[in-house]
Amino acid sequence: MDIRLRNIFFQLLRIGLWGKESLTLTTPLSETDWAEIRSYAINHTVEGLLYDSFKYIDKDQLPPQALRLKWTIRVDQIERHNAKMNEVIAAQYSAFIKQGLQPILQKGQGVAACYEIPQHRISGDIDWYFEEKGYEKARQMLKDKNLSFKDTAGFSLDYDWRGIHIEHHKRLFDIRSPLKYGYLKKLQKSHKDQQQELIINGVPIKLLAPELQLLQVNAHILKHLINFGIGLRQLCDSARLYYRVASQIDPTALQKIYKEAGILNWIHLLHIILVENLGLQKESLPFPYPDGWNASWMMDEIWYSGNFGQHDARFKDGKITAISAHPEGAYRMWLNFKRYLKFAPQEVLFFPIVHTYSKFLGIDKD
């Protein structure tokens, strides 16, 4: 995509994300232009957000009717999928509670509630964390019900239930440095009384305290950037979450949390992108980022990699400029390690060690 179309894409994304602004075009968009914009929206799983921008732009700026129809059908599918996910969340949460578990909903539909139109955010799966060492009990519950699941790297397991992909996580945050585990446990304990509730299909679902929800969402973004890349949807999650909870958080405490977790410098880069590319107002940030910092290189990496690095055209056919079509190319990871070492050194150094350890260990015993 050329610079002109990329700029238009981000205009549309900001309009859909915030429900304001207007589209500025120097020349009309062709059908081919719109097809390319839609393709990138799909790659970054933000087609629902771009669709939401249509009601704010002039009629003569809209995509062709045939393409709008395809887009409308896709958004209807997204809405139906989200409705089904909410049914599954409510049913699972109730079942877990009956078994004496204390589940917390991570990311996903909990963050979707921060959007103007939650049902247009694309959700990949449902993520659960269990307090009071409930991970093993939940795992045994799956075995007792003869549900087929798979233990995965990162101290997690996954399975499908009622057509929805589910993940259980033994660790609350995607912070891989073992030197931070003690601090993170204390942090979780100290914020237990600030946990929130979200009503989904009549069921009150427990969410993290706002500061910890921000840490969780943003650390998840960093994990995937260190790994193979991430799409714009996850950055939109961060932007909308900041916007929604800006008045609920302690800015000084949150900055300290990021610093103690070892990711504050990388958080500054993220904040720059949220403001300069996604249109988040600086007033919604908890603290200012340093003057003179440049995050355009990170935005370029996000733009090219697409959702979890699955759409990066630079990595094909084993060439030097495109090492591997497979998203798990060692060369690709090495490039990311070098990029982020300066900004989150412990996470970069420990990520491959802990990832490999958890992968071969299977179930992590306390």
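All residue numbers refer to positions in the sequence shown, counting from 1.
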Could you measure the distance from the CD1 atom of I249 to the CD atom of Q194? Nearest 0.5 Å is fine. 13.0 Å

Donor-acceptor pair, side chain of D58 and main chain of D60, under 3.5 angstrom: no

Heavy atoms of other groups near Y289 OH, more than 12 under 6.0 Å: yes

Any non-hydrogen side-chain atom of H220 less than 4.5 Å from a side-chain atom of H224? yes

Applying salt bridge (Lys or Arg N to Asp or Glu O under 4.0 Å) to R339 and E301, what does each step give before you reach the verdict? CA-CA 10 Å; R339 290 184 185 108; E301 286 304 313; 3.3 Å; yes

For the backbone of I42 and the side chain of T45, can you confirm whether one donor and one acceptor N or O come within less than 3.5 Å of each other? no

State plainly whether one hydrophobic cluster holds both W293 and W297, where clusters connect Ile, Leu, Val, Met, Phe, Trp and Tyr through side-chain heavy atoms under 4.5 angstrom apart. yes

R139 side chain near H168 side chain, heavy-atom distance below 4.5 Å: no

Quick check for you: to the nearest 0.5 Å, what is the distance between F350 atom CZ and K180 atom NZ? 10.0 Å

Is there a chain of hydrophobic side chains (I, L, V, M, F, W, Y, each step under 4.5 Å between heavy atoms) that links I267 to L285? yes

A side-chain contact here means heavy atoms from C-beta on lying under 4.5 Å apart; do L157 and E167 qualify? no

Heavy-atom pair of closest approach, residues L101 and I97: O-CD1, 3.5 Å

Within 45 degrees of the ring normal and closer than 6.0 Å to the centroid, is that where the cationic atom of R176 sits relative to Y181? no

Chi angles and distances behind the side chain to side chain contact (heavy atoms under 4.5 Å, CB included) call for L207, E197: CA-CA 6 Å; L207 305 178; E197 281 189 345; over 6 Å; no

Looking at every heavy atom in both R162 and A91, which two are closest together, and how far apart are they? NH1-CB, 3.8 Å

Could you see if I164 belongs to whatever hydrophobic cluster contains L105? Use Ile, Leu, Val, Met, Phe, Trp, Tyr and a side-chain cutoff under 4.5 Å. yes

Would you call K170 and Y129 a side-chain contact if the rule is heavy atoms closer than 4.5 Å? no

Ignoring hydrogens and geometry beyond distance, is a side-chain donor-acceptor pair present between T152 and D158 at under 3.5 Å? no

May I have all residue pairs that pass side-chain hydrogen bond (donor to acceptor under 3.5 Å, both in side chains) and include part of residues 259-275, sequence neighbours excluded? Y242-H271

Evaluate the criterion side chain to side chain contact (heavy atoms under 4.5 Å, CB included) for residue pair V88 and I126; output intermediate values, then yes/no. CA-CA 9 Å; V88 169; I126 296 171; 3.7 Å; yes

Counting only heavy atoms not in E31 (residues, nucleotides, ligands), do more than 12 fall under 6.0 Å from its CD? no

More than 12 foreign heavy atoms under 6.0 Å from NZ of K192: is that the case here? yes

Apply salt bridge (Lys or Arg N to Asp or Glu O under 4.0 Å) to K137 and E132, showing your working. CA-CA 10 Å; K137 187 174 181 180; E132 304 299 331; over 6 Å; no

What's the shortest heavy-atom distance between C236 and V46, and which atoms? SG-CG1, 4.4 Å

Verify side chain to side chain contact (heavy atoms under 4.5 Å, CB included) between L13 and L232, making sure each step is shown before the conclusion. CA-CA 10 Å; L13 182 63; L232 288 167; 4.2 Å; yes

Does either side chain, that of R4 or that of T27, offer a donor lying less than 3.5 Å from an acceptor on the other one? yes

Pairing donors with acceptors under 3.5 angstrom, does anything connect the side chains of E47 and W71? no

Here the pair of heavy atoms bringing V203 nearest to A90 is CG2-CB, 3.8 Å

Hey, are the side chains of C114 and Y243 touching, using non-hydrogen atoms and a 4.5 Å cut-off? no

For the backbone of P63 and the side chain of R68, can you confirm whether one donor and one acceptor N or O come within less than 3.5 Å of each other? yes

Would you please classify the geometry between the F10 ring and the W303 ring as parallel, tilted or perpendicular, with 30° and 60° separating the classes? tilted

Run Q196 and Q213 through side chain to side chain contact (heavy atoms under 4.5 Å, CB included) and show every step you take. CA-CA 10 Å; Q196 310 166 91; Q213 194 175 22; 3.5 Å; yes

Under a plain distance cut-off of 3.5 Å, with no hydrogens placed, do D144 and Q140 share a side-chain donor-acceptor pair? yes

To the nearest 0.5 Å, what is the distance between CD1 on I221 and CG on N218? 5.0 Å

Out of L49, L17, I37, which one pairs with L12 under the side-chain contact (heavy atoms from CB on, under 4.5 Å) rule? I37

Do any N or O atoms from the side chain of Q188 and from the backbone of L172 form a donor-acceptor pair under 3.5 angstrom? no

Using the side-chain hydrogen bond (donor to acceptor under 3.5 Å, both in side chains) rule, collect all pairs that involve residues 118-127, keeping only residues at least two apart or in two chains. D52-H120, E79-H120, Q109-S123, R121-S123, R121-D237, D127-H169

Candidate pair D76 and R80, rule salt bridge (Lys or Arg N to Asp or Glu O under 4.0 Å), full reasoning: CA-CA 6 Å; D76 179 70; R80 292 173 185 271; 2.8 Å; yes

Any chance you could measure N86, atom CG, to L198, atom CG, to the nearest 0.5 Å? 8.5 Å

Where is the tightest heavy-atom contact between W34 and Q61, given as atom of each residue plus distance? CZ2-O, 3.1 Å

Find out whether W18 and Y56 are in side-chain contact, i.e. whether some heavy atom of one side chain is under 4.5 Å from a heavy atom of the other. no

In this structure, would Y340 and F173 fall into the same cluster of hydrophobic residues linked by side-chain contacts under 4.5 Å? yes

M298 side chain reached by L225 side chain, heavy atoms, under 4.5 Å: yes

Is there a side-chain contact between E347 and S177 (heavy atoms, below 4.5 Å)? yes

What heavy-atom pair brings D250 and E211 nearest, and what distance separates the two atoms? N-OE2, 3.0 Å

From I205 CD1 over to Q92 CD, what is the distance, rounded to the nearest 0.5 angstrom? 10.0 Å

What distance do S190 atom OG and L187 atom CG have between them, rounded to the nearest 0.5 Å? 5.0 Å

Assigning hydrophobic clusters by single linkage (Ile, Leu, Val, Met, Phe, Trp, Tyr; side-chain heavy-atom cutoff under 4.5 Å), is I122 placed with L235? no

